[in-house]
Structure formats: C-alpha cells, structure tokens
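Note sheet for the following structure.
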There are 2 protein chains.
Amino acid sequence: MKAQELNSWTQIREELLRRINERVWHPGDIIPGEADLAEEFGCARTTVNRALRDLAESGLVTRRRKAGTRVAINPPHKATLTIPIIREEVEGRGSIYSQSLLKRDKQTLPPHLHAAFPVSAADRLLYTETVHFADDRPFMFEERYTNLEAVPSFEAIAFDLITPNEWLVQNAPYTAGDLTFYSVNAGQRLARLYEALEETPLFVMERTTFNGDLPITHVRMTYGPGYRLRTRF
Amino acid sequence: MKAQELNSWTQIREELLRRINERVWHPGDIIPGEADLAEEFGCARTTVNRALRDLAESGLVTRRRKAGTRVAINPPHKATLTIPIIREEVEGRGSIYSQSLLKRDKQTLPPHLHAAFPVSAADRLLYTETVHFADDRPFMFEERYTNLEAVPSFEAIAFDLITPNEWLVQNAPYTAGDLTFYSVNAGQRLARLYEALEETPLFVMERTTFNGDLPITHVRMTYGPGYRLRTRF
DNA sequence: AATGAGAATATGCATGCACATAATATCGTG
DNA sequence: CACGATATTATGTGCATGCATATTCTCATT
C-alpha cells in the first residue's frame, strides 16, 4: 500500500496530517519514532524531522525528547494575526488615507497604564493623539505614549508626512510586545468624532512594544463603529 | 572582532537580528549570501540557512532564489493568536468551569450568516446555545450552527459532559477557518445574563471552520463585560 | 520499599555533500 | 540591436552521519 516513496518533507507532512485527520492515529496516541517513519517512507530521518517540526509548530502534535511524539488532544486554534499599518489597511479598502495630529504633549503616564507600560515616573514621555481618516471620514483614533528615553529623535519629528506609528516601525526596532483587544462604549468625545451615540460599542486594540526591557511605546487604537478585525487560518 | 565562532543556529539568528536592529544592514539592503555568512561564522551553510529561514518566517527578511536575501522594509507586525479552549481558559484563571446547554434545535441558517457560512438552505443544521461559567458566574455565551451533513454523529451527542466545541475539536478535523473580532452592546438578553446594563460593550469572537470546502461549524462567542483578549509577540 | 546512579532512547542539532529550482546574467546568432 | 539559448548563481531541499540533550526506565544499593 505504501509502495511509493515519499521523499519531500511537505509530502510527508501531508501524509502524517492525513493519518491524524482520518484517525489512523487517535488524539493522545503516540506515533512511531522518526527513525521508524523514515524507514517506512524511504527517506532520511532529517526529512521526517522537518515534517514533524512543522506539525508541532502548528500545534497538531506535541513532542518531547525521549517521550516521543503524540497527536495533540485539543489541537489549539492558532491564528497568525497580521497587524497592518493603518495606512495600508485604509488603502487596502480602496479609500484615501489621511491623518491629523490633534495633540502633542509631554505628559506623565496615567496610573492605569503603569502595569502595561513600565516606565519610571521620571522618564520623559511624549503623548500624541492622532485621528486617521478613510475618505475624510474618521476611521481610527489613536492615543500614544512614547518613551523618549528609548527613542530620543522621536521628539524632533513633525508628523505631517509620516504617522507616529510608521516612523516608529521604521526607526525603533522592537524585540517583544503585547497586544490586547477589548470593547468599550464610545463615550462623549468619540461619539462626537464618529457622529454616533455615546453607547455605541467600539473595538479597541492596545499595543505595547519593548526593545529588550526598554519600553518603547504604548498605543490605544479605538476603531470606528462597525469595525471588525478578521483573519484566516 | 568576530573572532568567536557562532555555531548554533539560534546564536546566528540573534547575531543577524542584531545587525538588522542596529542598522548594520539597512531595510531594503541585500545581505551576504548563505555561503559567505557560513564562512564568516565558521559554521555550515545549513546552519545559516536555518537561521535565515526563521527570520524569513517572522517576516524580518525576504528571500528569493538567486536574488538573495533582503532586510524587509516594513516588517509586518505579526502576532500568533492562540485561541484557547474555553474550559482551559477558565481553569487557567483558577476558576471552576461549568457549562449549561440552553437550546438545541434544528434550524435553518439566518440570512445574515449566509456569506460567512456557505451551506445550502437544504442542509441540516444543528443550532446550539451554551453558557459557559467561571465559578458559577457567566463567562461567555456561545451560539453555534453545526453542519450535520459534515458531522452526522454530532446529532447524537449529549452535551452534558463535553461541550460542543470540545467535541468538534476532537472529532471534526478542519483544514481552514476564519476568525472575526468585533464589539457589540449587550442588549436585553445578554444584559440579563451578565447582570449588566443593556449598553454594556461586549467583546465578540466569531469563528467559522471548514474541512476543505465543506463548512463545519459557525460559532459566535460573546464574552462577559470586561473581557480582554491578550497575546504577546 | 525507597532511592539514586546509570543505561537506554527519542528527539534536537550541526556538518558536509549533492542535486533541484528559480531567477538572473551573458553571450552568440540572426 | 533584438532575442533566445545557455551558463551562472543564490536559495531550497534531501541524505548520511555523529553527537547533544532531555527523559524515562532499569536495576542495584541501602
């Protein structure tokens, strides 16, 4: 039955996937070792390893040295979320992008952000407030705290041609970050901006980025009514 | 300066990352070929390849055969979002999980879902409504349409011991899916469930899964007030 | 029976080599 | 000079091998 040899690692991955999906191997089962599979498929162990590593990355199998490889019991739903640059998101919808800087202040960090954005009170922070438009209609409202200790040259930038976000993406490398999504009511101010009721539910994305232990920027993005974040997996 | 040899692929990745972050190589630049780097680091080309592949996966460099490897210009913010099983999410917070099946009906698909969940009207659909509790407090409200043509045995399951979701995850393999996040007001019914005002903003996650072209299930999960979805990158 | 040292084993990683594949560069021919 | 065949080149992949490392298993010692 397994007469033909499978020698490309993608082919092997597909075959393994088939066996998992068709319950040849049941969830929780331990599957044959790399060496055995390599012999069965007529390929090198390295090749089987590549396939198994790929399956492990997507969470379909769990691997532990010596313990072997098992079919995951509750394969987690993993989705890779690509956070677009706001300009590209708007233009991707076929709209004209524009933006307007509402405020630009040196401020201290409000207390409720201390946990998410650990800068000492003494640090110099630049607060910027930007509205992003799609076809001249407000699309997203951005409130950002940027750590000038980490990015001194940020202070001198005029954000008429480039947005704070784009400047940071291109000039302030980060090594780690944190993304949070939640839901709020518009409230007085955003209701006026979006020409909606104060009770209108809005979608919020908060992002904090770090370079090593150094906090770079914290941004809250509150999207207009009806916004949906979507991804495929 | 580069006296010490780097021989593990993670070390090499870190060194390459450093050069990218510290602008030794600028965005858009072409970087030395695998063979050159291998010689410089005193390791095998395979090892450099592994490091570069990893960087390419995370989007920091783009690679094309013959053309070489370039530092990405706008490194995309990519985050992998792990959607947990609701039971594990609740138990991970140190709470006791429980659930209650409110409704179980054969229904036709409401019109507004036709785009997201392409089953013909004739298909048999099972609608289930479940409340998930954390320490006996409502945590999430789930409305699900399941395609019985795709998963016939789903009809016979009693969901007292296992949730519809867990059963499906374990018994109905999927090959693709779609995730959407947005924001709604609680409305009359959910306000009563969560003992909150009708205007309370709630976080919604919708998921559709497919096996090939065959739609499996569509679920809308409306979380309780204050819920935040969080991920690191 | 409890415990701890060491053997066994499955995966993880590095290497050197060969060949495949895609894209580009070059050069000869008309 | 235009154009297409061909060489060149950088990445992609497969293989055989050896060693590293994490776990588990076994068995002897107490």
Side-chain angles (χ1 to χ4, degrees), chain A residues 2-17 19-20 24-73 75-76, chain B residues 2-20 24-73 75:
Chain A
K2 200 108 306 306
Q4 68 170 349
E5 303 210 330
L6 306 175
N7 48 357
S8 104
W9 71 271
T10 47
Q11 280 171 26
I12 289 180
R13 184 191 52 193
E14 294 317 308
E15 170 62 14
L16 298 175
L17 225 155
R19 295 189 187 180
I20 291 172
V24 177
W25 298 322
H26 294 88
D29 276 8
I30 198 164
I31 75 178
E34 294 186 350
D36 299 335
L37 290 171
E39 195 186 357
E40 182 193 347
F41 295 141
C43 69
R45 189 169 75 88
T46 319
T47 311
V48 174
N49 182 290
R50 189 100 155 72
L52 282 172
R53 241 192 310 147
D54 198 69
L55 290 177
E57 262 174 38
S58 60
L60 263 87
V61 301
T62 58
R63 321 191 70 193
R64 272 169 56 225
R65 274 175 171 156
K66 163 72 184 174
T69 302
R70 293 175 174 281
V71 179
I73 300 186
Chain B
K2 199 111 306 302
Q4 68 170 351
E5 302 210 332
L6 306 175
N7 49 357
S8 105
W9 70 270
T10 48
Q11 278 171 27
I12 290 181
R13 184 192 51 194
E14 294 317 307
E15 171 61 14
L16 297 175
L17 225 154
R18 189 187 66 75
R19 294 189 187 180
I20 292 172
V24 177
W25 298 322
H26 294 87
D29 276 8
I30 197 164
I31 75 178
E34 294 185 350
D36 298 335
L37 290 171
E39 195 186 359
E40 183 192 346
F41 295 142
C43 69
R45 190 171 73 91
T46 319
T47 310
V48 174
N49 182 289
R50 187 100 156 73
L52 282 172
R53 242 192 308 147
D54 197 70
L55 290 177
E57 262 173 38
S58 60
L60 264 90
V61 302
T62 57
R63 319 192 70 193
R64 272 170 56 224
R65 276 175 169 149
K66 164 71 184 174
T69 303
R70 291 176 175 281
V71 179
I73 298 184

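Just so it is clear, the model here is predicted, and its values are computed rather than measured.
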What is the separation between atom [atom1] on [X] and atom [atom2] on [N], rounded to the nearest whole Å?
X: Glu34(A); N: dG14(D); atom1: CD; atom2: P; answer: 14 Å
X: Asn49(A); N: dA20(D); atom1: CG; atom2: P; answer: 18 Å
X: Leu16(A); N: dT11(C); atom1: CG; atom2: P; answer: 12 Å
X: Leu52(A); N: dA10(C); atom1: CG; atom2: C1'; answer: 11 Å
X: Phe41(B); N: dT15(C); atom1: CZ; atom2: C1'; answer: 17 Å
X: Leu55(A); N: dT11(C); atom1: CG; atom2: P; answer: 13 Å
X: Arg13(B); N: dA14(C); atom1: CZ; atom2: C1'; answer: 16 Å
X: Asp54(B); N: dG12(D); atom1: CG; atom2: P; answer: 13 Å

Interatomic spacing from [atom1] in [X] to [atom2] in [Y] - rounded to 0.5 Å:
X: Asp54(B); Y: Thr10(B); atom1: CG; atom2: OG1; value: 9.5 Å
X: Arg63(B); Y: Leu55(B); atom1: CZ; atom2: CG; value: 9.0 Å
X: Leu52(A); Y: Thr47(A); atom1: CG; atom2: OG1; value: 11.0 Å
X: Thr69(B); Y: Leu60(B); atom1: OG1; atom2: CG; value: 12.5 Å
X: Arg64(B); Y: Arg70(B); atom1: CZ; atom2: CZ; value: 8.0 Å

_Any side-chain heavy-atom pair of Trp25(A) and Pro32(A) under 4.5 Å_ = yes

*Should Leu37(A) and Leu16(A) count as side-chain neighbours, where that means a heavy-atom distance under 4.5 Å?*
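Side-chain contact under 4.5 Å: yes.
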
Every protein N/O lying under 3.5 Å from an N/O of nucleotides 16-19 of chain C:
none

*Where along residues 56-70 of chain A does a heavy atom come under 4.0 Å from DNA chain D, residue by residue in number order?*
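Of all residues in residues 56-70 of chain A, the ones placing a heavy atom under 4.0 Å from DNA chain D are Arg64(A), Arg65(A), Lys66(A).
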
*What pair of heavy atoms forms the shortest contact from Ala72(A) to Pro27(A), and how long is it?*
O-CB, 3.6 Å

*Can you see which heavy atom on Ala67(A) is nearest to which on Ile30(A), and at what distance?*
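What the structure gives for the nearest pair is O-CD1, 3.1 Å.
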
*May I ask you to evaluate whether Arg50(A) reaches the phosphate of dG14(D), defined as a side-chain N or O under 4.0 Å from OP1 or OP2?*
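Checking Arg50(A) against dG14(D): no side-chain N or O falls below 4.0 Å of OP1 or OP2.
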
*Counting just side-chain N and O atoms, does Thr47(B) come under 4.0 Å of either OP1 or OP2 of dC13(C)?*
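For dC13(C), neither OP1 nor OP2 has a side-chain N or O of Thr47(B) closer than 4.0 Å.
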
*Difference in axis direction between the ends of the helix from dA1(C)-dT30(D) to dG30(C)-dC1(D), five pairs, 10°*: 0°

_Ion pair check, Glu14(B) and Arg18(B), cut-off under 4.0 Å_ = no

*Are Glu15(B) and Arg19(B) close enough for a salt bridge, meaning some N to O gap below 4.0 Å?*
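Yes, this pair counts.
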
